[in-house]
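The structure under discussion appears below in the form of structure tokens.
The residues of the chain are indexed from 1 along the displayed sequence.
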Amino acid sequence: MGEIWVKRLSNLLCVKSIVTLILSVAFAYLAIVGKVSSQDFLTVFSVVIAFYFGTQSQRLNDKLDTGESKKSSLPEEK
């Protein structure tokens with residue numbers, strides 16, 4: 001169980017994750033202090049989150065596709 005948390009933490013520290021977190025915190029702060037309208041905050045935050053989760057989903061799909069292609073390229077045993 002501990003290995004899973006260590007792996008998740010290391011994955012969280014990749015560059016895209018750090019940028020996403022910093023941008024989210026910065027826009028949240030700007031929205032709280034009134035420098036950014038709530039509509040602007042919602043637009044930017046939605047785009048950032050959609051991009052982040054979209055790339056994560058694509059990476060998972062690529063891994064699954066690679067695994068499937070390896071399985072299908074192996075000769076079948078008789």
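Contacts of T43 classified as side-chain contact (heavy atoms from CB on, under 4.5 Å), with partners at least two apart in sequence or in another chain: Q39. With sequence neighbours excluded, the residues that form a side-chain contact (heavy atoms from CB on, under 4.5 Å) with L42 are S46. Partners of V6 under the side-chain contact (heavy atoms from CB on, under 4.5 Å) rule, at least two apart in sequence or in another chain, do not exist in this structure. Take S37 and apply the side chain to side chain donor-acceptor pair (under 3.5 Å) test, not counting sequence neighbours, and it matches D40.
Linking Ile, Leu, Val, Met, Phe, Trp and Tyr whenever their side-chain heavy atoms come within less than 4.5 Å puts V33 and F27 in one cluster.
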